[in-house]
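We number each residue from 1, following the sequence as shown.
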Amino acid sequence: MRTPGALAIAVLAIGGTLTGCAGGGGGGGGAPPKPACKPPATPSISFSMDIQPIFNRSCALVSCHTGAVPAQGQDLTAGVAYGQLVNVASTEQPKLKRVKPGEPNNSYLVRKIQGGPNISGVLMPNGCPGVPAAGAQCLKPDEIMAIVQWITECAPNN
């Protein structure tokens with residue numbers, strides 16, 4: 001003969017097992033989640049020492065990506081830029097992140113500075129090549145490569 005305590009324990013055990021197997025409702029059969037970006041042990045590019053200075057010269061300028069109403073809602077001033085870029089959806093191409101760690105080809109920032117496919121608006125900095133707006137400096141090839149490498153290295157906030 002079962003006691004009410006044994007029945008309660010059995011119901012709890014079955015309920016806990018079923019709850020643990022419930023999963024996320026994805027229906028199974030899908031691909032396993034992609035592992036998070038794994039940065040190198042020693043990154044070759046520093047956000048604060050290499051990337052932010054590029055933004056300071058070419059992007060975080062009056063009437064560009066700074067101030068009370070920065071272009072595209074993206075403030076690239078020191079102390080703010082990282083949070084405005086990494087894993088943040090682009091306002092021009094919302095299906096793309098501005099910076100997708102480990103994936104420069106899927107980072108809208110790279111497309112905007114290289115003039116890549118499917119950009120909205122103009123190549124950045126505005127006016128490049130040629131005479132950029134608001135006293136900005138056009139990005140040099142090694143600066144573009146540094147941004148691409150930083151993203152490839154998982155875009156650390158270093």
Can you name the side-chain contact (heavy atoms from CB on, under 4.5 Å) partners of [X], sequence neighbours left out?
X	answer
Val88	Arg98
Ser46	Ser48, Met49, Asp50, Asn158
Asn118	Arg111
Gln114	Val110, Ile144, Val148

Task: ring pair (Phe, Tyr, Trp, His ring centres under 6.0 Å) involving Tyr82 - partner list, sequence neighbours excluded - done: Phe47

Open item on the list: Assigning hydrophobic clusters by single linkage (Ile, Leu, Val, Met, Phe, Trp, Tyr; side-chain heavy-atom cutoff under 4.5 Å), is Ile45 placed with Leu76?
Closed with: yes

TODO: Is it possible for you to say whether Leu61 and Leu139 belong to one hydrophobic cluster, with membership spreading through side-chain heavy-atom contacts below 4.5 Å?
DONE: no

Over all atoms of both residues, closest heavy-atom pair of [X] and [Y]:
X	Y	answer
Pro129	Leu123	CD-CD2, 3.7 Å
Pro125	Ala136	CB-CB, 4.3 Å
Cys59	Cys64	O-CB, 3.2 Å
Tyr108	Leu96	CD1-CD1, 3.8 Å

Pairs in or reaching into [range]: which pass salt bridge (charged side-chain N to carboxylate O under 4.0 Å, His left out), with residues at least two apart or in two chains?
range	result
residues 112-141	Glu92-Lys112
residues 120-132	none
residues 143-156	Arg57-Glu143

TODO: Among Ile, Leu, Val, Met, Phe, Trp and Tyr joined by side-chain contacts under 4.5 Å, find the other residues sharing a cluster with Val80 and list them by chain and number.
DONE: none

Open item on the list: Let's go through Ile54 and Trp150 carefully: what are the C-alpha distance in whole Å and the side-chain angles of both, what is the deciding distance for side chain to side chain contact (heavy atoms under 4.5 Å, CB included) to 0.1 Å, and is it a yes or a no?
Closed with: CA-CA 12 Å; Ile54 296 169; Trp150 169 70; over 6 Å; no

- [ ] Please list, chain by chain and in numerical order, all residues satisfying side chain to side chain donor-acceptor pair (under 3.5 Å) with Asn56, sequence neighbours excluded.
- [x] Gln52

Task: Contacts of Asp75 that satisfy side chain to side chain donor-acceptor pair (under 3.5 Å) - sequence neighbours left out - done: Thr77

Anything under 3.5 Å between a donor and an acceptor, one on a side chain of residues 65-73, the other on a protein residue two or more places apart or in another chain? List them.
residue	atom	partner	partner atom	Å
His65	ND1	Ala71	O	3.1
His65	ND1	Gln74	O	3.0
Gln72	OE1	Thr91	OG1	2.5

TODO: Tell me, with the steps shown, if Cys128 and Cys138 meet disulfide (SG to SG under 2.5 Å).
DONE: CA-CA 6 Å; Cys128 294; Cys138 293; 2.0 Å; yes

Task: SG-SG distance Cys37 to Cys154 under 2.5 Å - done: yes

- [ ] Please round to the nearest 0.5 Å and tell me the distance separating atom CD of Glu103 and atom CD1 of Ile151.
- [x] 10.5 Å

Task: Side-chain touch Ile147/Met145, heavy atoms, less than 4.5 angstrom - done: no

